[in-house]
Structures are given as C-alpha cells and as structure tokens.
Amino acid sequence: MMQVRLPDGSVVEHPAGTTVAEVLQSISARLAREAVAAKVNGEVIDLGTRLSGPQVELTALTLNDPEGLEVARHSCAHVMAEAVCALWPRTKLAYGPPVENGFYYDIELDHSLTPDDFLAIEAKMQQIAKENRPFRRCDMPRAAAMEKLRTEGNPYKIDNAQRADGDTLSFYVTGEPGTGHFEDLCRGPHVPSTGRIGAFKVMQVAGAYWHGDASKQQLQRVYGTTFPDKKALKAYLDQMEEARKRDHRKLGQELGLFFLDPLVGPGLVLWKPRGAVVRRVLESFILEELLKRGYQPVYTPQIAKLDLYRTSGHFPYYKDSQYPPIFESDIARKLNDLWEATTARGEADGFSRDEKRLIDEIGRAYPNVGQKLCEKKLQPGPGMGHHNQQVVRELLAESDGYLLRPMNCPHHIRVYASEAHSYRELPIRIAEFGQVYRYEQSGELSGMTRVRGFCQDDAHLFCTPDQLLDEVAGCVDMAKLVLHVVGLKDYRVRVGLRDDSDKYIGSAENWARAQEAVLAAVKSSGMNYAVETGEAAFYGPKIDFIVKDCIGREWQLGTVQVDYNLPERFDLKYIGDDNREHRPVMVHRAPFGSLERFIGILIEHLAGAFPLWLAPIQARVCSISAKSKEYAQWVYDVCRAAPLRVELDNSDERIGSKIRDAAMMKIPYILVVGEQEAADKTVNVRTREGKQYGNCALPQFLAACAVEIATRGEAAPGEADQTPPT
RNA sequence: GCCACCGUAGCUCAGUUGGCAGAGCAGCGGUUUUGUAAACCGCAGGUCGUCGGUUCAAAUCCGACCGGUGGCUCCA
C-alpha cells in the first residue's frame, strides 16, 4: 500500500498505481470535482497520473490556486490553438506557454489575425470547451515520436522535441487518440478536460521571432488569458482599464505636463511649464543630496568630436543607436568611413573592398589627403589594423565629425584628466544633469519611458581600488533614497554581469575585479537582488533598480556601474603615496536613471496626484462670486509671495465648477474664498480628494504648507492640519 | 528595425452600403453672481496625418510615406 499525505497532515492509503483523481475522489467528491491538477512531491502533475512509491505528498490544485490557474492557462492555450487550427487549417503551431496573467501561442499562418478574428476564435473555443473532451497524455519513445513529428512536418515542433530532455516525449490529445482530435507535443500538465479552462478571452496578436531571434522568421503571437470564472476575468479586465487611466502619456496630456511633437521629432520630450516644475524640484532635491555627499557639479557640452567616442569605444560599436555624426566636410565623412572600414577589418590580411574603394575615392577627390595616406603607410597586411586606424585618425584630427553625445562619461573623464590628481583628492565625484541622445529603434519609443533625448542625473566617481566598495555602497544608498523619497516601494534590484559575448571591452582581470566589487557591494547592502548575466554595460557590470509601469512593463531607473576599462582607454592616472602613477577606478551612477523615465513612472505611481512639494500647482484660489474677487486676488498675491505655486480662478463660473476643474487638475489644495472668508481674513481649505478642513487664517495655512513641503510630506502626510478651532 | 492595429476641431470621440464633415469639453461673446466635483444662450473652430491612385463622387476603397499604440528584437 501507498501512503498519501495530504496538506492537513492526514494520511490515506491506496494501492500503488491509483490515479490522483481516484485518490481525490476517495477524500471528497467536491475536491475531485474542483481540482484541475495536483502537486505531488512538489511537482505539478495531471489528475490522471498514476501514483507510486511508499509515500507521496499530495495537494489538489483548483483554478483558485496560482499553480492550478497556470495549468488551466496552459490548457487554454491548447484549446485556442485547436480553435485557430480549425478555422485556418494551414496553421503551424510553434510554442504556447502560460505567462504572467495569461498565455500565448506562437503560430505560423499566412493570414494575419486581426481583432475581428478573435470573436470567431473565442466562439470556436467556447464550442471546444462545451464538448468537454478529456486531455489525454500519450507518452512515446523518443525515436518513434521524432519519426511521427517528421512525418507531420512541423519544423517548430521538431525543434521543440529536439530541445526536450528525456527518453520519452509526451503528446496531449484533447479527446480520443486516433480519431483526429487535436493533438500537440507538450510536456504538460493539463486540466482533465476542455471544459475546465475557466473564463477566457483572446486578448491581442503581435509579431514574435522564433526563439526570440530577430534574424529568424517572425511568427504571430496570439495572447489570451483565462480566469477561474467570468467575474474574475471581468475584474482583471476592469483593473487593466483602470490602470490605463494612470498612463503617464494620458495624464501628461490631461495635466499639461509634457508632450511629444512629431514636428520636433519622435522620442524628443517637450516639458511644459507644469512638468518642468516637477523636474526642477526633483533636480533641486538631488542636487542638495549630491552636495551633501561631496559631489562636484560640472557643465559639459552635449556634443563632442567623434574621436572622443572612438577612444571610449561608443563609436562605432553603438553606431546604430546614435544619431548619425555631423560632418563639416565631405573628406571628414570619407575618412571616417575609411576608419570604420579599417576597424571592421581588424587585423585580417588585405584591404577590404570598402577600404580599397574609399582609398581610391579619397585619392581621386583629395589628392593631397591621398598622398598623406601613402606617406603614413596605410598597410594592407595582417596585424596592421591598429596602425591603420591610427593613420586615419591622425588625418581626421584636422577635420573630424561631431557626435551628439550618447553618454556623459567621456566628457567627465576629460574633466578629470584636465589636471593631475593626487591620491589625497580621491574620490573625485563629478556630477551633471547630462542631456544625452540615443537613436532608439522606432518601435521602442514609448512616451517618456523610452525616448531619444533624455537627461541623466549622472555622475562619475574616480577612486582608488581601496575606495571602490565604499563608493559603490554610497551610490546604492542614494538610489534607494530617491525611490524612498517619492514612495516608490515596488522595485527590484538586478545585478548585471557579463556573458561570454564579444560586445564587452577590457581584460578578463578587469571584469573579474569589477564584478567582484559589484557583488560585494550589493551583498553588504542587504537588498534582495537577482544576478543576470549578459546584462552588464559594455565597459562594466552594474546594479540596476527596476520598476513596473501601469501596464506591467519593467523599466530600469537607477543604476550603479563599476568600470575598470574606460580609465584604461583614456589612460587616467593619479599619483599614489608612493609617488608613482596609478590607475583610478570609475563608478558610473544615476539614481533616477533619466529624469524623463523617472518622472513618467512617478506620474503613473501617483496617478498624477503629486505630493505638495512636487505638485506643479500647489493651490488654487477659487472665489465664490464677484463680490469676493478682490479678496481672492489678495489671497493669491500673498500665497505667491510666500512662496507657494498658486493659481487664481476668478472666473464667473459657479464654485462647484471651479472646484471640479481644480480637482481634476490634481491641485493639492483648493482655497475657497467668499464674503465670509473676506470678512475674517481666512481661506476655506479643501483637498483635491474632497476632504474639507474648514476655515483657516491664511498665515497658518501657509505655515502648514511650508512644513509639509520642507518634510516632503513625511511629517504629516497630506494634512495641512493646523486648522484652528473656529 | 519587424508584425499587427490606429490617425476626423486644442482635447475626448461619432460618422451607416463611397453621396453637402458632427457632438461633448476647452476657447471666444453674452446672460447669470453663484458656498464645495459640470449654470444657461450664442459664436467660432477641421487641407478628415501626408502624398499618390481608383471613381461622376473618397474621411470612407487601394498603395506609399509620416506619426502613435501593443508585442517582438534592442537598450552604453
């Protein structure tokens, strides 16, 4: 006999080979009816699985268990696939897993699915669900299964099978095997029958590359979701709709914070006066922190000679995501092309076709430059790459192109290098709200969260290897501080290390040291973090702070990066206590990341209702009638001089309308003033949420605001509560 | 960059099978003088994203481009 231990600790006995469903039936008919799968010894399995072993731990899973729902979503993906195949028999199925909040199925189909098709798909799915056919698992020896798949000729399934582990492959038939019912290669597990997949909906369709590889064929990814019942599905859809109301693009428009103008260019943010206030206040806040922590603000240009980025390695490696360089002359452009061609060849033997063509073109159009190329001995031979690049760079120095800066670090490095440094000065922390430009792919642009021009609250720290850990820890601390101050609590920390791809610069030793430092710092910070390889910057590993937007997409905000490589590329030095030259280590860090992205996320987090210290307009004075206009004007003047960011509504509208307008603009305090307030020199305070504080002498209101602003709302959150008893 | 969808007044959106371009809000002018989330009347406002094509006739059908949205890929 086999002992089956249940979650409540009780044990039931059954002969080995009893199915999960039979065990559940013996315990409770209701449990057997509601279960969609089970967890046995920690593994989620079908209800039809036969149990074995002297002892098993068994937990039934229903649609209300997250793991049960995940099984149902996976099964729902099968049902959707069957529906699509029934409607478009040419469909080739690729891959259909459950994901957070639903599932998808990648398919190859010459007909592009549109939202109009969703109804037909759902109708077919309903029919399949109604038929309530069983999901039957069929295990086959690998060889036979592969043979079967080859006969069927679906390359994606063959590929999936080749990637699967084990000697047997499993198929799931929804219905009876051999009767033409839908069948799919799948590891399972699944719900017992197609009637058990809950309340579902086909959500959207999108392109997706096979294996996520942009060079491979693009498939159609059909997204769907399912919930335990219609009510839960509706609740989810309502919640999604509610979340979209917080979208920073929508609120940015409604609250007049910022806009993007096609005439200016995609991904280029224009901050309107109200959005500019939020940014300016946040900048002031961070600037104050920087000064407290010994940072030295600088100003540097937003453009620089291309050669600066040849040295740093940004160019041409990230050429595709930079605005094209600006060349003052044709010869500069041609020489740069030649440099790129030479760089592309590397140390290989023989001029490439591009090199030959360019040398020829330059020789013909600019004989004197061509002659110089000869004199300085541009070489076709192997191992001459570096020499050739230097030859071209020397000639380019006379008339180089300019690049809109994609990063601030090269400029800050030049600031550091502009004078000699002693170890006594270190660490040197150079800070700047640095505007950068990156030519992001058009499909990536998104409101303020992914843009082509943005401002980083950037700084570069130059320190000795001994100081590195403390400096990194200090940066991590500051990144945590900014999130705390604005109340962004829901974030995760990612440690990005390198993988073995060739996109990274610098030596293995440098990388090892840098990664060690990053890991040590993050460990000592006591934060939860996830290490992800392949997520490092090209010059070094990093610690990123990541948050989600209103529709669940993740965005990197703050970042701290350790860099041994750029100091080497720029040959940075300091004089040590041994009177010899040493190489400093760099830390790149930006606690906000970019002001654009940070504020975009912040708008969503706050649903546009900024706390008093950040609110673009902190109060609006609303007069009740023409009789109180003059007093309202006086209140407004006093508030503005306080200073408070205040507006005056002296229109002829009714007070209800004025309050509605102010509340919809999410102005924290609405000061209602009528004849009564004018008589006793008070303001009647109410909040955008509708809370009424009653009458209050104006100086008292202003004093309360000053406290709330100075403490950034932490002293008495949202309460200007100094309302005197009246 | 790729796939799909969308683009009508400052904003949010209607616009049937191709047949004179509409509403609400905002704006402007009046009337109203108001007590805590929308007073009333009137006026004005649009090359229907752009360019090309089909047609007697295009906001509507077709194509290209521009811009936006969702996803994929990318993200120093």
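Note on naming: letters A, B, ... go to the chains in the order of the sequence lines (proteins, then strands), and numbering restarts at 1 for each one. Below, all heavy atoms of this structure are taken into account, side chains as well, without hydrogens, waters or symmetry copies.
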**Q.** Whole-angstrom distance between B/G19 and B/U34, as gauged at atom C1'
**A.** 49 Å
(Q) Assess the residue pair A/H211 and A/D159 against the criterion (side-chain contact (heavy atoms from CB on, under 4.5 Å)); give the C-alpha distance rounded to whole Å, side-chain angles, the decisive distance to 0.1 Å, and a yes or no. (A) CA-CA 10 Å; A/H211 288 314; A/D159 189 274; 2.8 Å; yes
Name the pairs: protein N/O against N/O of nucleotides 10-12 of chain B, kept only if under 3.5 Å.
none

Q: Examine B/C75: is either OP1 or OP2 under 4.0 Å from a nitrogen or oxygen in the side chain of A/S321? Give yes or no.
A: no
Q: Mind listing the residues from residues 535-556 of chain A sitting with a heavy atom below 4.0 Å of RNA chain B? Number order is fine.
A: A/A537, A/F538, A/Y539, A/K542, A/I551, A/R553
**Q.** Nearest-neighbour nucleotide for the A/R249 side chain, B/G70, B/C75, B/C72 considered
**A.** B/G70
Q.
Can you pull out every salt bridge (Lys or Arg N to Asp or Glu O under 4.0 Å) where at least one residue sits in residues 544-567 of chain A? Sequence neighbours excluded, please.
A. A/E100-A/K548, A/R492-A/E554, A/R494-A/D544, A/K542-A/D544, A/D549-A/R553
Q: Report the C-alpha separation of A/E108 and A/R90 in whole Å, then their side-chain angles, then the decisive distance to 0.1 Å, and conclude whether the salt bridge (charged side-chain N to carboxylate O under 4.0 Å, His left out) test is met.
A: CA-CA 9 Å; A/E108 183 198 308; A/R90 311 182 292 284; over 6 Å; no
Q. Do A/T225 and A/N101 get their side chains close enough for a donor-acceptor pair, meaning under 3.5 Å?
A. no
Q) Hey, is A/R244 close enough to A/E241 for a salt bridge, meaning N to O under 4.0 Å? A) no
Q.
For RNA chain B, report each stem as range with range, ordered by first number, or say none. Use Watson-Crick or G-U wobble pairs under 3.5 Å, at least 3 in a row.
A. B:1-7 with B:66-72, B:10-13 with B:22-25, B:27-31 with B:39-43, B:49-53 with B:61-65
Q. Which parts of residues 255-276 of chain A get close to RNA chain B, meaning a heavy atom less than 4.0 angstrom away?
A. A/P262, A/P266
Q | P gap between B/U69 and B/G30, integer Å | A | 41 Å
Q: Is it possible for you to check whether A/K681 lies under 6.0 Å from the centre of the six-membered ring of A/W634, through NZ or CZ, and within 45° of that ring's axis?
A: yes
Q.
Please report the distance separating the C1' of B/U60 from the corresponding atom of B/G18, rounded so that it comes out in whole Å.
A. 6 Å
Q.
If I pick the C1' atom on B/C72 and the same atom on B/G27, what distance separates them, to the nearest angstrom?
A. 43 Å
Q: Select base, sugar-phosphate, or nothing to describe what A/Q441 touches, counting heavy atoms under 4.0 Å on all strands.
A: base
Q | Proximity to the side chain of A/Q676 - top-ranked nucleotide from B/C72, B/A76, B/G35 | A | B/G35
Q) Whole Å only: how far is the NZ atom of A/K629 from the P atom of B/U34? A) 13 Å
Q | Euclidean distance for C1', B/G42 against B/G71 (whole angstrom) | A | 49 Å
Q) Does the side chain of A/H248 pick up a donor-acceptor pair with the side chain of A/R597 at under 3.5 Å? A) no
Q: Could you state the atom-to-atom distance from CG of A/L113 to C1' of B/G71 in whole Å?
A: 14 Å
Q.
For a quick check, with a 4.0 angstrom heavy-atom cut-off, what is the B/S/- contact string for nucleotides 36-49 of chain B, read 5' to 3'?
A. BBBB----------
Q) Counting just side-chain N and O atoms, does A/S442 come under 4.0 Å of either OP1 or OP2 of B/G1? A) yes
Q: Looking at every strand, decide which applies to A/G674 at a 4.0 Å heavy-atom threshold: base, sugar-phosphate, or nothing.
A: base
Q: Can you tell me, in whole Å, how much space there is between the C1' of B/C75 and that of B/A38?
A: 45 Å
Q: Please state whether the phosphate of B/G35, meaning OP1 or OP2, lies under 4.0 angstrom from any side-chain nitrogen or oxygen of A/K627.
A: no
Q) With a 4.0 Å cut-off on heavy atoms, is A/Q220 in touch with a base, just the backbone sugar-phosphate, or nothing at all? A) nothing
**Q.** Protein-nucleotide distance (A/F118, atom CZ; B/C5, atom P), rounded to Å
**A.** 10 Å
**Q.** A/Y323 and A/L403, any side-chain heavy atoms less than 4.5 Å apart
**A.** no
**Q.** B/C6 to B/U31 separation - P atoms, rounded to the nearest Å
**A.** 48 Å
Q.
Is a donor from one side chain sitting under 3.5 angstrom from an acceptor on the other, for A/H314 and A/Q322?
A. no
